[in-house]
Chemist: 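Input: one structure, supplied below.
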Amino acid sequence: MSALAAGVRKVGAYAWFTVDCVRATVTHGVPWDRVMSESYKVGIRSFPVLFTMALFVGSNLAIQGHAAFSTLGGGNLVGMFVALAGVREVCPLLAATMVAAKAGTEMAAQLAVMRTKEQIDAIEVMAIDPRSELVAPSIIAVMLTLPALTVLTIAVSLISSMLVAVYQLGVDRGEYLSFLVGYLTAYDLFAATAKSVVFGLIIATVSGYFGFFSERGARGVGQATNRAVVTMCIVIITLNFALTSILYG
Amino acid sequence: MADSPSAQRPFDAIPDGDPVISFRDVHKSFGDKHILRGISLDFPRGRTTVVIGPSGTGKSVCMKLIVGLLVPEKGDVWVGGTNVPDAPEKDLMSVRRRIGMMFQDGALFDSMSVGDNIAFPLRRHTKLREAEIHDAVDHALEQVGLPGIADRAPSALSGGMRKRVSLARAIITKPEIVMFDEPNSGLDPLTSDEIDSLISRMKEELGITFIVISHDIVGTFAVADKIAMLYNGHLVASGSPDEILHSEEPILRRFLARNMDLPALPGAKP
Ligand SMILES: Nc1ncnc2c1ncn2[C@@H]1O[C@H](COP(=O)(O)OP(=O)(O)OP(=O)(O)O)[C@@H](O)[C@H]1O
Ligand SMILES: [Mg+2]
């Protein structure tokens, strides 16, 4: 019971923090210089690992799709499988969890260190709202870059799955493409982007929350980072179910 | 509220020497640690007040109460006409904009260069052009005796240098009140002297009110117009340097005796 109450209070505090970030941003304005540098960090630094993941997720989708449909005599349906599973489900989730693991933990750790070293206090004493200064730019940055990263992930995985399908599994390229294009609609891209905008909001605000309110000291930093990544992953995977139900249900 | 010191008066209207900051029966605890147990203390405008006392008595906590980073359980902290603990956000912001603060460990932003650290409050609060900001940063660095290090990273500086950069950042916006948490600790005697004379000079030239926390007794007497000593959560002594020097308060005597060994007994040690 008290654990439940504590949980509810935590969620309330998180929601309040998010509202506060938005409110602070409206009253104090957006520090665009920080949005730019954060976007750069999130986008450029997450891309290499995401690229690698997308490459080999695409390849395996092709192999599994081919194996599954071959038993039904339709190995060339692999394009459809990649379009449905890869574009709709795997790629948005892959991009979100990688950005959560890389950029999200980094944001949480950085804020926690700033809290420990009194740098957040210093910002407050300068009559600057640390939420609009430190957290809001990350929110904007992640919400802008994650959709872009998701689209790139989709592109990379489609190309790699096609290469594997055509050159390793011997599927006809024209057929692969026709099934892919036949099943992949603009709505799928819209849905993937919409998901990633929501995931981006979650990543930035959850990591911001745990970092901002971390306890001081090295232990506090570790704890904040840890809790942030666990919470982000659980919330993202749960929301993914809700979003798929809404967008495709 | 009507009997509060300098209620309703903006800082500038407070006559020199009248309290610009007043603690009234301030209590502050962390958990079951009762750190401040009823502090009442005035900080006169245009003067330098030095707060001394052993480690862990709550000197840094006092500074954080002044800018509203911490909130007391009981008591008032008046800054100008504002009671900080229950001031609305807008008033708190206007108090903070008049105060520059140097944290004990510097609190420089690791992600920015030295120059960007110092320029940061200017960039956020003024519409100065980049060239003007550069000039201001160079000037501030010269004032603290560190010309030409604007491009360095804070992590590449020594502890004493970080302190001075932090000091430069605290004074860049020309605040009316400047608070230094141990500006001298970790500095060599020559640099300490420079900081002391910088404080005296800025007080004379700009009429800034200084609040300095210090362990350095020599420096304390060099800059202080008023000295206050905290001990065990209480204010055990406060007054002019002369009064403090001749105070009979035993704890204060012990504190001074230990620290003033050297100057008091010239040549006593080989
Ligand atoms: N945010 C905080 N949370 C919990 N305890 C705190 C906090 N800030 C200060 N304290 C405690 O309050 C006491 C006084 O701290 P403070 O930093 O004011 O000491 P100080 O007089 O500045 O000492 P020093 O000369 O060593 O800097 C210490 O016991 C410290 O542990
Ligand atoms: Mg201290």
Side-chain angles (χ1 to χ4, degrees), chain A residues 16 19-21 23-42 45 103 106-138 141 208 211-213 215-218 220-221, chain B residues 30 60-61 63-71 79 84 87 89-113 116-127 130 154-155 162 165-167 169-173 175 177-181:
Chain A
W16 189 242
V19 171
D20 250 2
C21 289
R23 196 181 48 88
T25 310
V26 171
T27 46
H28 295 263
V30 179
W32 288 107
D33 50 345
R34 273 201 198 257
V35 174
M36 294 310 290
S37 63
E38 282 296 310
S39 303
Y40 176 83
K41 269 202 302 205
V42 176
R45 295 219 201 132
E106 204 174 296
M107 284 188 289
Q110 198 180 355
L111 281 171
V113 168
M114 292 187 79
R115 171 65 75 194
T116 295
K117 294 171 137 189
E118 297 185 316
Q119 293 168 22
I120 293 182
D121 292 337
I123 291 179
E124 255 183 279
V125 173
M126 292 171 191
I128 297 163
D129 193 306
R131 292 178 211 80
S132 67
E133 181 65 35
L134 302 174
V135 186
S138 315
F212 197 82
F213 294 111
E215 277 169 39
R216 289 169 204 260
V221 176
Chain B
F30 295 101
S60 299
V61 167
M63 271 197 183
K64 290 174 186 170
L65 289 169
I66 292 172
V67 287
L69 282 177
L70 293 173
V71 180
V79 181
V84 170
E89 165 117 1
K90 201 172 118 289
D91 295 0
L92 182 59
M93 288 298 157
S94 94
V95 163
R96 286 176 176 170
R97 291 197 57 168
R98 291 150 178 263
I99 297 179
M101 178 163 171
M102 193 209 82
F103 284 79
Q104 193 161 357
D105 296 315
L108 296 178
F109 308 125
D110 304 312
S111 58
M112 297 181 190
S113 70
D116 287 339
N117 260 282
I118 300 173
F120 182 73
L122 286 182
R123 294 214 169 99
R124 290 294 180 259
H125 285 312
T126 70
K127 300 230 178 304
E130 270 309 295
S155 56
R162 273 204 292 277
V165 171
S166 178
L167 209 152
R169 188 178 66 180
I171 58 179
I172 192 86
T173 50
I177 298 173
V178 176
M179 308 201 288
F180 292 155
D181 202 341

Chemist: Using heavy-atom distances under 4.5 Å, tell me whether M179(B) contacts chain A through its side chain, its backbone, both, or neither.
Modeler: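 For M179(B), no heavy atom lies under 4.5 Å from chain A.
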Chemist: Which of the residues D129(A), I123(A), V113(A) is involved in the greatest number of heavy-atom pairs with chain B at under 4.5 angstrom?
Modeler: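 Top option by heavy-atom pairs under 4.5 Å: I123(A).
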Chemist: Heavy-atom distance under 4.5 Å to chain B: side chain of M126(A), backbone, both or neither?
Modeler: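 Its backbone and side chain both get close to chain B.
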Chemist: Does any heavy atom of chain A fall under 4.5 Å from the side chain of L92(B), the backbone, both, or neither of them?
Modeler: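 For L92(B), neither part sits under 4.5 Å from chain A.
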Chemist: What part of T173(B) gets closer than 4.5 Å to chain A, counting heavy atoms only: side chain, backbone, both or neither?
Modeler: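 Contact with chain A is absent: no heavy atom of T173(B) under 4.5 Å.
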Chemist: Quick check for you: to the nearest 0.5 Å, what is the distance between D181(B) atom CG and D105(B) atom CG?
Modeler: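 Taking CG in D181(B) and CG in D105(B), the distance rounds to 8.5 Å.
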Chemist: I need the minimum non-hydrogen distance between S132(A) and P137(A), along with the two atoms involved.
Modeler: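 Closest approach of S132(A) to P137(A): O-CD, 3.2 Å.
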Chemist: Distance from N117(B) atom CG to R162(B) atom CZ, nearest 0.5 Å?
Modeler: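 Between atom CG of N117(B) and atom CZ of R162(B) there are 11.0 Å.
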Chemist: Could you check whether D121(A) pairs with R115(A) (Lys NZ or Arg NE/NH1/NH2 to Asp/Glu carboxylate O, under 4.0 Å)?
Modeler: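 So D121(A) pairs with R115(A) through a salt bridge.
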Chemist: Is a donor from one side chain sitting under 3.5 angstrom from an acceptor on the other, for Q110(A) and D110(B)?
Modeler: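 Their side chains do not contain a donor-acceptor pair, so the 3.5 Å distance test is not met.
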Chemist: Looking only at heavy atoms and a cut-off of under 4.5 Å, which of R124(B), R97(B), R169(B), E89(B) has the most pairs with chain A?
Modeler: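 Winner by heavy-atom pair count: R124(B).
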